[in-house]
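Letters go in sequence order (proteins before strands), and every chain restarts at 1.
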Amino acid sequence: MRNYTDLEKIRLRKLDLLRAAGLEPYPARAERTHTTAETLADYAARRQANPALDRHLPHGAYTVAGRLRSVRVMGKAAFAHLEDAAGRLQLYFRADELGDRFRLFVDAFDLGDFLQATGGLFQTKTGENTLWVRDFRILAKAISPLPTPKEEVAAGQKVVHSAFANPEARYRERYADLAVNAEAREVFRLRARIISALRRFLDGHGFLEVETPILQPLYGGAAARPFVTHHNQLHQDLYLRISFELYLKRLLVGNLERVYEIGRDFRNEGVSFKHNPEFTQLEFYWAYADYEQVMRLTEDMLACVADDVLGTRQITYQGKPISLEPGWPRISLAEAIAEYATIDIAAHPSAEALRLAMQAQGLPVPAAATTRGKLIEGLLGDYVEKRLQQPTFIVDYPRDISPLSKAKRDVPTIVERFEGYIGGMELCNAFTELNDPLDQEQRFLEMHRDYAAGSEDAHPLDEDYLRAMRYGMPPNGGFGMGVDRLTMLLADKSTIREVILFPHLRQKDSDKVVDET
RNA sequence: GGCCCCAUAGCUCAACGGCAGAGCAAGCGCCUCUUAAGCGUUAGGUUGUAGGUUCAAAUCCUACUGGGGUCACCA
């Protein structure tokens with residue numbers, strides 16, 4: 001038997017009150033005719049059409065449905081606010097018109113209940129357009145009390161009292177967060193608009209949206225550890241994908257030329273304000289383009305998305321103004337490190353020389369950095385990333401940390417790769433894709449040797465991908481972007497958990513499944 | 001995984017070695033234009049869990065659980 005709290009037991013008793021009055025607490029259907037926003041808009045139009053309308057008497061007939069968010073009972077009259085997805089509407093109940101039903105509203109309805117109300121609109125003395133309730137019924141009784149933030153408008157600013165603000169509770173019970181925090185709902189509406197704006201942009205540029213396997217016999221396309229699962233009947237271990245790259249590029253072999261996918265990647269790594277074990281990625285591959293063209297498309301895409309969802313390219317992220325206007329500076333990785341870490345990496349062509357130079361400057365050398373590329377990557381993350389607030393392309397990466405990118409013609413140790421940074425965060429990563437099957441096989445074999453030697457982020461050799469490439473892959477530019485991070489930027493949120501509906505949290509003991517025997 | 005901080009009523013928070021409290025929410029009563037409605041009243045707690053120190057622990061110590069931050073890890 002479930003242990004109900006005292007508050008829940010009181011509400012359970014109200015179910016009987018409702019049933020005794022002939023109201024089913026969980027009816028199958030509602031009769032909504034208008035949303036709250038439609039109701040208010042219709043009333044405003046009615047008032048405009050007829051300026052002589054007596055605003056203190058109800059006009060029109062509207063049936064609205066939503067959650068009860070506040071109640072103010074004054075003896076034989078009551079005001080309440082009902083909230084639906086479109087907004088809020090004040091309700092006005094009168095005992096002299098509703099009789100016993102008025103008493104039922106006071107006795108059996110609680111904050112959080114879904115109800116339906118019918119009536120005309122009028123304007124109160126304080127000026128709020130309000131539904132004069134002629135009839136109402138319950139649509140769904142809430143047994144557990146929602147958190148109860150209260151809002152007021154003081155000096156034009158919305159002030160929330162007793163906000164439901166505990167991050168852990170908000171993430172674990174996102175449904176409650178969304179139910180009481182309109183701002184939380186707004187973030188996910190924005191997220192949906194961002195994703196559809198990305199689709200619109202890419203569709204408009206001739207890209208085909210595709211879906212590739214999430215369960216993969218081999219993982220690849222990124223330097224990350226995978227989640228492992230198992231197919232029982234096939235007796236086969238499978239990996240959850242860590243990127244879409246190798247499958248999307250197989251499609252270029254299949255003459256599809258421009259493809260993209262928006263979906264979930266899974267990386268078995270630490271969690272942080274910008275890392276969730278599963279996250280949403282956009283990748284596209286563009287035949288006959290190179291990383292220069294991809295850079296230009298990236299600038300256009302982000303400007304377009306910002307226009308589309310915010311109506312401006314000038315955003316504020318964590319108090320800092322950021323311009324998403326195309327024409328981002330392009331800085332080579334070597335220049336960026338020279339500027340922010342004051343090391344000339346070109347002067348230190350070996351891992352050992354670079355390590356000594358870093359030590360000579362008193363810079364910490366990560367123990368895991370076994371190659372020159374890893375050391376450079378460390379410098380980028382430690383000294384450069386946070387400094388790049390305005391949109392910036394860092395270009396030209398070391399070959400040994402970029403096994404899928406094409407080398408620059410004149411500098412074989414550098415590849416044609418860029419990463420886009422905004423707000424001190426890496427947002428996207430792209431390159432001129434390596435399409436030489438023999439070169440690719442060499443790179444894989446190098447990685448494979450590392451893998452056999454126990455290096456954690458090297459990968460098993462994907463023979464099928466090489467077979468595909470041997471059929472011929474057009475030259476192409478590829479691109480990957482964290483959609484969650486883009487949402488953080490445009491929603492001005494400092495942590496990825498604010499833009500993921502159900503971010504991963506450690507399981508609590510109280511939520512673990514207990515054996516009911 | 002390291003370090004720092006946090007966990008008290010359904011929610012938001014006090015009490016910081018000496019009787020565990022407030023506001024909101026809830027119950028009861030009053031109130032026919034309120035909007036953080038108001039007035040009166042009642043109930044609500046194994047202070048995250050388990051130990052320890054102490055005459056006395058929400059408070060100090062240890063471990064554990066969960067969270068936040070930070071570092072490490074992370075194309």
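The nucleotide whose nearest atom lies closest to any side-chain atom of A:Arg103 is, among B:G29, B:G68, B:U12, B:G29. The side chain of A:Ile10 has B:A26 as its nearest neighbour among B:A26, B:G23, B:U34. Counting only heavy atoms from C-beta on, A:Arg506 has its side chain closest to B:G66 among B:U32, B:G66, B:G27. Taking the side chain of A:Glu426 as heavy atoms from C-beta on, and the options B:A26, B:C11, B:A75, the nearest nucleotide is B:A75. When distances run from any side-chain atom of A:Pro147 to the nucleotides B:G69, B:C11, B:G67, the shortest one goes to B:C11. Closest approach to the A:Lys76 side chain among B:C33, B:C31, B:U34 is made by B:C31 (side chain taken as heavy atoms from C-beta onward). Listed nucleotides B:A26, B:C33, B:A75 differ in distance to A:Lys14; the shortest reach to its side chain belongs to B:A26. Checking B:C73, B:A75, B:G27 against the side-chain heavy atoms of A:Arg225 singles out B:C73 as nearest. Out of B:G69, B:C33, B:G66, the shortest distance to the side chain of A:Thr124 is found at B:C33. Distances were taken from every side-chain heavy atom of A:Glu269 (C-beta onward) to each of B:A75, B:C33, B:C74; the shortest belongs to B:C74.
Note: CZ (A:Arg172) to P (B:C11) measures 14 Å, nearest angstrom. Atom C1' of nucleotide B:A26 and atom CG of A:Leu146 are separated by 14 Å, given to the nearest angstrom. Rounding to whole angstrom units, CZ of residue A:Phe227 and P of B:C74 are separated by 16 Å. Put simply, CG on A:Leu375 is 12 Å from P on B:C74, counting in whole angstrom units. One atom, CD of A:Glu419, and another, C1' of B:C74, lie 12 Å apart when rounded to the nearest Å. Atom-to-atom, CG of A:Leu246 to P of B:A75 comes out at 15 Å; the value is rounded to the nearest Å. Whole-Å rounding puts the A:Leu131 CG to B:U34 C1' distance at 16 Å.
Within 4.0 Å (heavy atoms only), A:Pro149 reaches no atom of the nucleic acid at all. Residue A:Ser70 is classed as having no contact, given no heavy-atom separation below 4.0 Å to the nucleic acid. Looking at heavy-atom distances under 4.0 Å, A:Ala165 makes contact with sugar-phosphate atoms alone, never a base. Among the atoms of the strands shown, base atoms are found under 4.0 Å from some heavy atom of A:Ile401. As judged by a 4.0 angstrom heavy-atom cut-off over every strand, A:Arg88 is placed among residues making no nucleic acid contact. Residue-level contact check: A:Val73 touches the bases, meaning some heavy atom is under 4.0 Å from a base atom. Residue contacts shown for A:Leu404 include a base, since a base heavy atom lies under 4.0 Å away. No contact: A:Phe93 has no heavy atom under 4.0 Å from any strand. A:Glu168 comes within 4.0 angstrom of the backbone, heavy atoms only, and of no base. A:Tyr397 comes within 4.0 angstrom of no nucleic acid atom, judged by non-hydrogen atoms across all strands.
Between A:Lys150 and the phosphate of B:A25, there is a side-chain N or O to OP1/OP2 separation shorter than 4.0 Å. Between B:C33 and A:Arg94, no contact under 4.0 Å exists linking OP1 or OP2 to a side-chain N or O. For A:Lys9, no side-chain nitrogen or oxygen approaches OP1 or OP2 of B:A26 to under 4.0 Å. OP1 or OP2 of B:U34 has not a single side-chain nitrogen or oxygen of A:Arg72 nearer than 4.0 Å.
Annotation: B:U62 and B:C55 have their C1' atoms spaced 23 Å apart (nearest Å).
Side-chain atoms of A:Tyr317 and A:Gln389 include no donor-acceptor pair closer than 3.5 Å. Side chains of A:His81 and A:Glu128: a donor-acceptor N/O pair is present below 3.5 angstrom, by distance only. Judged purely by distance below 3.5 Å, without hydrogens or angles, the side chains of A:Arg94 and A:Tyr92 pair a donor atom with an acceptor atom.
No hydrogens or angles were tested; on distance alone, nothing pairs the side chain of A:Glu128 with the base of B:U34 as donor and acceptor under 3.5 Å. With hydrogens and angles ignored, a donor-acceptor pair under 3.5 angstrom links the side chain of A:His275 to the base of B:C74.
Taking a pair to require two hydrogen-bonding distances under 3.5 Å in either a Watson-Crick or a G-U wobble arrangement, B:A58 remains unpaired.
Mapping A:Asp6 and A:Asn166 onto RNA chain B via the closest heavy atom, the residue that lands nearer the 5' end is A:Asn166. Along RNA chain B, the nucleotide nearest to A:Arg267 and the one nearest to A:Ala169 differ in position, and the one closer to the 5' end is contacted by A:Ala169.
Only one option out of A:Phe479, A:Phe244, A:Tyr260 pairs with A:Phe284 in a ring-ring contact (aromatic ring centres under 6.0 Å, His included); it is A:Phe479.
In this structure, A:Phe136 has its ring center under 6.0 Å from that of A:Phe93. Outside the 6.0 Å centre-distance limit, the rings of A:Tyr383 and A:Tyr340 are not counted as a close aromatic pair.
A salt bridge between A:Asp439 and A:Lys406 is absent, with no side-chain N of the basic residue lying under 4.0 Å from a carboxylate O of the acidic one.
Taking the six-membered ring where the residue is Trp, A:Phe444 and A:Tyr465 present tilted rings, their angle falling between 30° and 60°.
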